[in-house]
Every structure is written in C-alpha cells, then in structure tokens.
Protein chains: 2
Amino acid sequence: MRARTAPTLEDVARQAGVSRATASRVINADPRVREAARVAVSAAVADLGYRPNRAARRLVTQAADSIAVVVPESDERVFTDPFFSGLLRGVTRALATTPLQLVLVMGKPDDDDRRMERYLRGGHTDGAIVVSHHQDDNLWRVLAETKLPSVFLGRPYADASRLPYVDVDNTTGAELAAQHLIERGCRRIGTVTGPQDMSAGRDRLRGWTNALVAAGLSVDLVESGDFTPAGGAVATRHLLERAPDLDGLFVASDQMAVASIAELAQSGRSVPGDVAVVGYDDNTAATLSRPTLTTVVNPISEMASRAVDLLLRVMDGQDVEPEVLSTHLVVRESA
Amino acid sequence: MRARTAPTLEDVARQAGVSRATASRVINADPRVREAARVAVSAAVADLGYRPNRAARRLVTQAADSIAVVVPESDERVFTDPFFSGLLRGVTRALATTPLQLVLVMGKPDDDDRRMERYLRGGHTDGAIVVSHHQDDNLWRVLAETKLPSVFLGRPYADASRLPYVDVDNTTGAELAAQHLIERGCRRIGTVTGPQDMSAGRDRLRGWTNALVAAGLSVDLVESGDFTPAGGAVATRHLLERAPDLDGLFVASDQMAVASIAELAQSGRSVPGDVAVVGYDDNTAATLSRPTLTTVVNPISEMASRAVDLLLRVMDGQDVEPEVLSTHLVVRESA
DNA sequence: GTGAAAGCGCTAACAT
DNA sequence: ATGTTAGCGCTTTCAC
C-alpha cells in the first residue's frame, strides 16, 4: 500500500541507500556521483514516482522556476486578438521541454497602479518576455534596474534599453504589401497604421511610405489605428471621406483589415474590385475573412519560441544578440 | 537605503516589536491578537512593503495557492478558438480578487501519456475547473479519487461523477435557433452538430431536433462536426450533397458557422438569401463574419467566473449545487 | 494574547 | 564521491 503523502527526497534516498544530498545531486544532474549511486537513485525515483516539491526547491534556491510573459494590454485585448493566442502558443510549446512555468502578466500600466512593476520587482520569476511594448511603458527601466533576465518580443520603441529582443522585419514586410498593391495597378493607396508608439506600428508605416515614394505616389493617405477592429473601422471611414477614389489599402493588422473590408462594403465598394486590401499578421482572421486576406506573415509563434530560447540563454548568463526574422507576403483574394 | 533583499516576516516582526508568530497571525487574519499589535504589524507591513514569500507559505501549508484550468484539447485548439479565450478571460478576472494563481493544463489525454492525470494527482493545485470534457475522458474519476476540489464547466457527459458543474441551457438555446429558422420560413433545415461525446454537442442537437419535430419537419439532415472550422466545412459539404434544396442551417458553433458560410458561398449559394444560417456562441467570429452571424449566446466568461465562485466554495468545504444559466438568440444578418 | 520552537522538503556549503 | 549540517521564510503547535 502506497503512502498517502507524496514521497520526499528522504524516501528516495533511503530506498536507494544513499544520503539525501546524493539523491539531490542525481536529480539535479550533478556530475560528481558514482554510476552505481546514480542508477540506484534513478530506480528509486521511478519506483516511488517521486516528484521534487517545487515550493521547497524554490524556497532554498530563491528561484521561481517560472518566467513571465508581460503584456501591457487589457485582458480584453489579450484574450481577443489572435496575435496573442499565437504568442501564448509559441511560448507554451517552447517551455514544454523545460521545468519552467509560464506566468501571464497583463493589464494596462495604469490599470492597477504599478501592479506589474511590483510583480517584476518582486522576484517572482526568473525571467520575462515583454510583448506589445509602448513608448511610454517604463518596463525596460524596471527590467534593467532589477537585472531580471528579459527579452523583448518586438523591438522596444527606444533602443536605449540595450535589452535583447527578437523582431520581424516589419519595414520590409510593409514594403512588400505596398509593392503588391502598386504592381496590381493601384494608384491611390492609403494605409491604416498600427499605434505609432510601438515599433511595429512605425516600421510598417515606414515600409508603406518607402514603397510609395519609390513609385512616385503620394503618401498623404495615412490614418492611424490601434490594432483593434473598432479603431480600424474608424480609420477606414476617415480615409474614405478624404479619398473617395481610394483604390488600394494597406492595413497594419489582419483584425483591423477585416473591419476595413466591412467598412468598404458598407460604403458600397467591393474588395478587391474597387479597393484592393492587404493586411498584416496572417492569423486566423485572414483565412476566416471573406474575401480571404492577402497579408504579410507575422510569424508570432516562431518569434515566441525564439524569444524563449534567447531568454533561456540570458538566464544562463550568456551574451546574446537581437534576432530579426524575415517575412513574406501571402496572396489570397483581397488583393 | 532599502535592503537589497525582500523583507521577511522576521523584519516585519522586529519593526513592529512583536514575535514572528504574532506577525503571521495578523497577516493571516487570526482573530486572537490585540488591536495594538495588529496595528503595529500592519504599519510595518505597509512601511516595509512586505509580501509573504509564496514558496515558504506553500511549503508549510502544503497548499499550492493555485487552481488548474484543465482543458483536454490540443494547445492548437485552445489558443485558436475564441471560446477558450473567453473562458480564460472569465477565470482570470474572477481570480484577480484572490491570491490564487491560474495554471493552464491542456493537451489531449493521449498527447503526453497521462501527464494531466499525474499533474492533478500530484497535489500541485488546490482545485480544478474542467472544461471541454469528453465522454472518454476519465478526468472525473481522477478528480473523485484525489478528492481535489473541482467543478466542471459544461455538464460532464455522464452525471455519474456527482461533481458540481456550471452549464448553460444548450437544449433551449438550440431550440431557439431552430425556431428562428422555422419562423423565417425555412422548411429544409439541416444542422452541423458539435462532438457527440460532449454534453454541449448532444444538447444542441437535441434542441434542434425538438424544434423541428414540433414543427412537423424532417430531422434527417444531421452531419456531425467537431467545433473546428475544418470539421464544419466538411459537414456542410456533405449536407449540401445530401440536400441541394437546403434552406436553413443550424451550426453548433460560430467558428464552424463561418466555415459553413464559406462553403455555401463556394457552392454559389447566398446567405441568408438561399440558406439562412444560425450559429452558436456569439463570440468574435460572429461579428467579424460577413454576413454577421445570427447566433445563440454562450456566456462563457460569465460561466467561467461562476465556476470559479463555485470552486472557491467547494474548496471552502461548502456543499454546492450545479448552476445552469439561461440563454437567448441574437439576430444579425445571416438569418 | 503571545512567544519559543519545531519543521515543511529541499539545496548547498562544508567536511571527509 | 558522499554524508552532515545549516538554513530558505513561513505557519502552527505548545507552553505560558
């Protein structure tokens, strides 16, 4: 009859005929243990179904055994935008092979005073991945001060942080999108941007601008969005008022692009017939949309797992370089 | 100058001029402490910015300070289906006012052997909320055996478990949907069901059947889906082959309904002109879809927070009764 | 009502 | 290479 309570390291040691310390060494892969002892302990662990008590380990190592994914956005946004689903999926998968647990920390900075900052400073995690970083977020400062190993997913707005990051080449991505529109024959091309206090938002606007300038087209049709469907709809409406002859549109996120298409339909315009539309992200919204979206791939899951790799290396004390992934366009029905 | 390391209970006690034990009592709201001591300790806590060390507390109380949300589905599904986003949002919010942490446990039972079962048996959490329960999942057995406080979100397939649950009246919801189609004048009405090894799938089929039988219509046009867009598309195609004269369709989830509409369009049929479509869930897919979806409200976030309330009470040793929420139809463009 | 002391399960010096 | 020992920060008897 197996004992009611979970087996402890003590039990393992006794059954293996060694001391607690040796058992601990085996479990933590310390090299200096005899083969025989190693085998005995491993057998005991398997037999007893031993699992180290996390709380006890944390208490003594002062490590949290977890990493935080920090998202300075409302839970509403986080749980509603496919971008974040992809993010969470990537992080979850990358963490699956480690003993690390994922702690999701979200909320606008002002939401609950400085809850996030307190959490980060509290030493509750061994590392952090910061996503959706805005210009005014002082997260990078907190992170630098606490020396908490951390990496940004998406280049931080100001490079001043000197913190490692993984990003995708948003500028080129947006250029690809705009060029596609131009090659299609569009001449009156607008854009609904992402937030201009985020590097992704700015880079995508820059890419769009680059392409239009190169083609000798006017770059006046810019309306700013905030990556939400509602914001995208408003921006599109404004664009239409300013340029009823709009024939091409680059929208900085798929979620906004879907809203744009709805607005366009509302105004009696067909897509891509009257207005060709290119989105950004290539998430579920792109394939669920009618027409399906021509869009730029934003490999969020891959970026997430790369960010985890990077973070693991930082936590290991290694020096790391930022990583920037390349991207490409996926042509579907909308343009 | 503040100390580099976080203040401990010892520090608080010293500053308040009491023993560690008394400080602990104040923090845990033990009634037997003098008012003066209570005030002194509280002041010290505030002054020092003291936060109890979770690991230490866990170690001694043997409690995990966390609850698990158990989803026997692939991470792909969980992070892709808006239903689960709503779930997570509801749980997160309900937990915000407690010191409990959320641990997401997901994966098909066979995915990683019996990882889930091990986790649940391991005593790593103080309670569990089980979502998306299938007929063959033996989770309820594990839960009953371990006596881990738990509640199902969505009635378990077999009531045998005697475990508390919160559910929504799926049968009535589906009836509402079918009745709407009937009142609209549809006479050849089909349905794409949810998985028949889940109570939600069966209840929704039952509701559809009830309504059609009551109206004297044939109930032969049933094709089973699995709540995924791909499954919904296939089922719709089959339905169309069997009944080219289909004029009404009840789809058991919004995600599948969107796929159905795409299939319908593919076959040259308009919605709602040729075929009226009603979905189920009322999540983001419903409003992002073109045409927008007429659908039945599935108040997942509310169910989630109710489930948390229920679980908290179970953890507190109280007896609880299952809760079943009512629902209603939201009429939009698709029917 | 309060303090002293034991101990939760583990790791990490420090011996040997 | 291995055992002994001392805590990590907290709660909880058990005395007083």
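Just so it is clear: chains get the letters A, B, ... in the order the sequence lines come, proteins before strands, and each one is counted from 1. Below, each value reflects all heavy atoms present in this structure, side chains not excepted, and no hydrogens, waters or symmetry copies.
Scanning for salt bridge (Lys or Arg N to Asp or Glu O under 4.0 Å) contacts around A:Arg313 gives an empty result, with sequence neighbours left out. Partners of A:Thr92 by side-chain contact (heavy atoms from CB on, under 4.5 Å), not counting sequence neighbours, listed by chain and number: A:Leu102, B:Phe79, B:Met106. By the salt bridge (Lys or Arg N to Asp or Glu O under 4.0 Å) test, A:Arg51 is found to be paired with no residue, residues two or more places apart in sequence or in another chain being considered. Listed by chain and number, the residues in a side-chain contact (heavy atoms from CB on, under 4.5 Å) with A:Glu117 are A:Arg114, A:Arg121, A:Asn138, A:Val142 (sequence neighbours excluded). Listed by chain and number, the residues in a side-chain hydrogen bond (donor to acceptor under 3.5 Å, both in side chains) with B:Asp319 amount to none (sequence neighbours excluded).
Here chain A contacts DNA chain D (any atom closer than 4.0 Å to a heavy atom, that is under 4.0 Å), and the contacts span D:dA1 to D:dG9 from 5' to 3'.
Of the residues in residues 51-61 of chain A, those lying under 4.0 Å from DNA chain D by heavy-atom distance are A:Leu59, A:Val60. Heavy-atom distances under 4.0 Å link DNA chain D to A:Val18, A:Ser19, A:Arg20, A:Ala21, A:Thr22, A:Arg25 of residues 18-25 of chain A, given in residue order.
Taking atom CG of B:Leu9 as the reference point, atom P of C:dG7 lies 20 Å away to the nearest angstrom. The nearest whole Å value for the distance from the NE2 atom in B:His124 to the P atom in C:dG9 is 14 Å. One interatomic measurement links the two molecules: CD1 of A:Ile27 to C1' of C:dT11, which rounds to 11 Å at whole-angstrom precision. Atoms CD (A:Glu10) and C1' (C:dC10) sit 11 Å apart, rounded to a whole Å.
Contacts classified as salt bridge (charged side-chain N to carboxylate O under 4.0 Å, His left out) and involving residues 22-31 of chain A (residues at least two apart or in different chains) are given here: A:Asp30-A:Arg32. Pairs engaging residues 89-105 of chain B under the salt bridge (charged side-chain N to carboxylate O under 4.0 Å, His left out) rule: A:Asp75-B:Arg93, A:Glu76-B:Arg89 [sequence neighbours left out]. The salt bridge (charged side-chain N to carboxylate O under 4.0 Å, His left out) contacts involving residues 8-20 of chain A comprise A:Glu10-A:Arg20, A:Asp11-A:Arg14, where partners must be two or more places apart or lie in separate chains.
Between A:Val130 and A:Tyr165, the closest side-chain pair of non-hydrogen atoms is not below 4.5 Å. Counting only heavy atoms from C-beta outward, the side chains of B:Val12 and B:Val41 approach each other to under 4.5 Å.
Listed pair B:Gln62 / C:dG9 meets the phosphate criterion, a side-chain N or O lying under 4.0 Å from OP1 or OP2.
End-to-end axis angle of the helix from C:dG1-D:dC16 to C:dT16-D:dA1, from C1' rotation axes over five pairs per end: 40° (rounded to 10 degrees).
Between A:Arg306 and A:Glu302 there is a salt bridge, since a side-chain N of the basic residue sits under 4.0 Å from a carboxylate O of the acidic one.
The neighbour count for B:Glu321 CD, taken as heavy atoms of other residues, nucleotides or ligands under 6.0 Å away, does not exceed 12.
Ring planes of B:His133 and B:Phe152: perpendicular class, angle over 60° (limits at 30 and 60°).
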